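All values derive from a computational prediction rather than experimental measurement.
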Amino acid sequence: MRVHVSPCIGGGLVRILSPPPNSSCFSNFAQMAEGGIILFDGVCNLCNRAVQFVIKRDNKNYFRFASLQSDIGQQILRQYTLPTNITDSFLLVENEKVFDRSTAALRVLKQLKNLWPFLYAFIIVPKFMRDAVYNFIARNRYRWFGKTDECMLPTPELQSKFLTP
């Protein structure tokens with residue numbers, strides 16, 4: 001497996017992975033070849049609302065989802081050599097690259113319907129500034145929005161949008 005770290009638009013770094021061909025984790029990625037995977041904190045109410053927000057506006061059926069705490073979320077983190085204990089970040093896996101925090105959020109907005117893609121213009125703001133705002137919200141998300149004891153279970157209609165091992 002080869003891992004490269006390269007600069008990305010808007011500053012910061014992106015991990016680029018050449019996945020092993022027979023990886024069980026990547027068998028699920030085959031269905032994602034044309035889209036992105038959003039990894040989120042499954043016990044965070046704000047994060048669960050964000051997932052619902054994206055699902056409602058994802059007319060192209062571009063995104064699939066997995067909580068960071070789920071088995072598939074943990075497999076993806078390991079596959080990209082990321083720490084498996086992170087829960088304070090929003091990650092987007094797209095085109096075999098991992099984007100985090102504000103960059104991930106802006107790249108998600110770029111794919112949604114209506115006027116949301118215009119917010120991608122904020123990518124020109126330096127990443128350290130965007131992520132400072134992101135980190136402030138992430139630090140306070142449980143206090144402001146609450147937390148559940150368990151991860152959200154998707155309805156039968158939405159199950160195809162969530163990755164399973």
Side-chain angles (χ1 to χ4, degrees), residues 6 8-12 14-17 19 23-77 79-80 82 86-125 127 129-131 133-135 137-138 141 144-148 150-165:
S6 65
C8 69
I9 296 171
V14 155
R15 290 177 186 260
I16 303 171
L17 178 85
S23 169
S24 63
C25 181
F26 281 94
S27 65
N28 287 309
F29 282 20
Q31 65 191 2
M32 290 309 307
E34 299 298 316
I37 299 171
I38 295 174
L39 297 173
F40 64 99
D41 178 358
V43 297
C44 165
N45 287 337
L46 174 62
C47 305
N48 285 315
R49 288 183 201 148
V51 166
Q52 295 299 320
F53 176 89
V54 171
I55 288 171
K56 268 184 161 174
R57 291 158 182 83
D58 181 21
N59 284 359
K60 297 179 266 182
N61 202 28
Y62 185 81
F63 294 108
R64 297 294 176 270
F65 304 89
S67 75
L68 289 162
Q69 296 90 342
S70 69
D71 290 340
I72 192 73
Q74 292 291 298
Q75 287 177 6
I76 293 168
L77 291 173
Q79 201 66 42
Y80 282 89
L82 295 168
I86 59 172
T87 57
D88 66 340
S89 191
F90 175 83
L91 301 174
L92 172 64
V93 180
E94 189 176 46
N95 299 322
E96 296 184 10
K97 298 175 188 165
V98 177
F99 301 92
D100 72 345
R101 303 180 190 277
S102 64
T103 303
L106 290 172
R107 289 183 70 87
V108 167
L109 290 172
K110 187 168 107 170
Q111 296 296 331
L112 302 182
K113 69 178 184 177
N114 297 330
L115 299 176
W116 295 106
F118 288 110
L119 291 176
Y120 187 73
F122 283 103
I123 201 75
I124 66 169
V125 174
K127 183 170 173 51
M129 293 173 73
R130 289 184 280 117
D131 282 350
V133 173
Y134 178 96
N135 291 337
I137 294 168
R141 71 190 187 283
W144 294 342
F145 299 96
K147 174 179 174 176
T148 63
E150 52 199 39
C151 292
M152 170 183 73
L153 291 174
T155 63
E157 305 84 52
L158 295 179
Q159 282 181 347
S160 66
K161 292 187 167 288
F162 288 81
L163 297 178
T164 56

*Asks:* Using the test side chain to side chain contact (heavy atoms under 4.5 Å, CB included), find all partners of A104 that sit at least two apart in sequence or belong to another chain.
*Replies:* F90, L92, F99
*Asks:* State the OG-CD1 distance between S102 and I123, to the nearest 0.5 angstrom.
*Replies:* 6.5 Å
*Asks:* Would you mind reporting whether F145 and N48 have side-chain heavy atoms less than 4.5 Å apart?
*Replies:* no
*Asks:* Spell out, as yes or no, whether a donor-acceptor pair under 3.5 Å connects the side chain of N59 to the backbone of K113.
*Replies:* no
*Asks:* Could you state the interatomic distance from CZ (R49) to CZ (F40), rounded to the nearest 0.5 Å?
*Replies:* 13.5 Å
*Asks:* Report the C-alpha distance between I76 and L91 in whole Å, list the side-chain angles of each, state the deciding distance to 0.1 Å, and finish with yes or no for side-chain contact (heavy atoms from CB on, under 4.5 Å).
*Replies:* CA-CA 11 Å; I76 293 168; L91 301 174; over 6 Å; no
*Asks:* Any heavy-atom pair between the side chains of T148 and N45 that's under 4.5 Å?
*Replies:* yes
*Asks:* Can you name the closest pair of heavy atoms from S89 and R101 and give their distance?
*Replies:* OG-CG, 3.6 Å
*Asks:* Keeping R107 on the side-chain end and D100 on the backbone end, is there a donor-acceptor pair under 3.5 Å?
*Replies:* no
*Asks:* For K161, what residues pass the side chain to side chain donor-acceptor pair (under 3.5 Å) criterion, not counting sequence neighbours?
*Replies:* N61
*Asks:* How long is the span from the CD1 atom in I37 to the CD1 atom in I72, to the nearest 0.5 Å?
*Replies:* 7.5 Å
*Asks:* Please check if the side chain of D88 supplies one atom and the backbone of A138 the other of a donor-acceptor pair under 3.5 Å.
*Replies:* no
*Asks:* Not counting sequence neighbours, which residues clear side chain to side chain contact (heavy atoms under 4.5 Å, CB included) with F53? List them please.
*Replies:* R57, L109, L112, W116
*Asks:* Any donor and acceptor pair, going by atom type alone, linking the side chain of Q74 with main-chain N or O of L68 inside 3.5 Å?
*Replies:* yes
*Asks:* Look up atom OH in Y80 and atom NZ in K97, then write down how far apart they are to the nearest 0.5 Å.
*Replies:* 10.5 Å
*Asks:* Are V108 and F63 packed together at the side-chain level, in the sense that at least one heavy-atom pair is separated by less than 4.5 angstrom?
*Replies:* yes
*Asks:* Do R130 and L106 have side chains that get closer than 4.5 Å, going by heavy atoms?
*Replies:* yes
*Asks:* Between V43 and Q69, what is the shortest heavy-atom contact and its length?
*Replies:* CG2-NE2, 3.8 Å
*Asks:* Out of the candidates L158, L163, V54, only one should pair with F65 under the side chain to side chain contact (heavy atoms under 4.5 Å, CB included) rule; please name it.
*Replies:* V54
*Asks:* Measure the spacing between SG of C47 and NZ of K147 and express it to the nearest 0.5 Å.
*Replies:* 11.0 Å
*Asks:* Indicate the atoms forming the closest heavy-atom contact of S70 with A66, along with that distance.
*Replies:* OG-CB, 4.1 Å
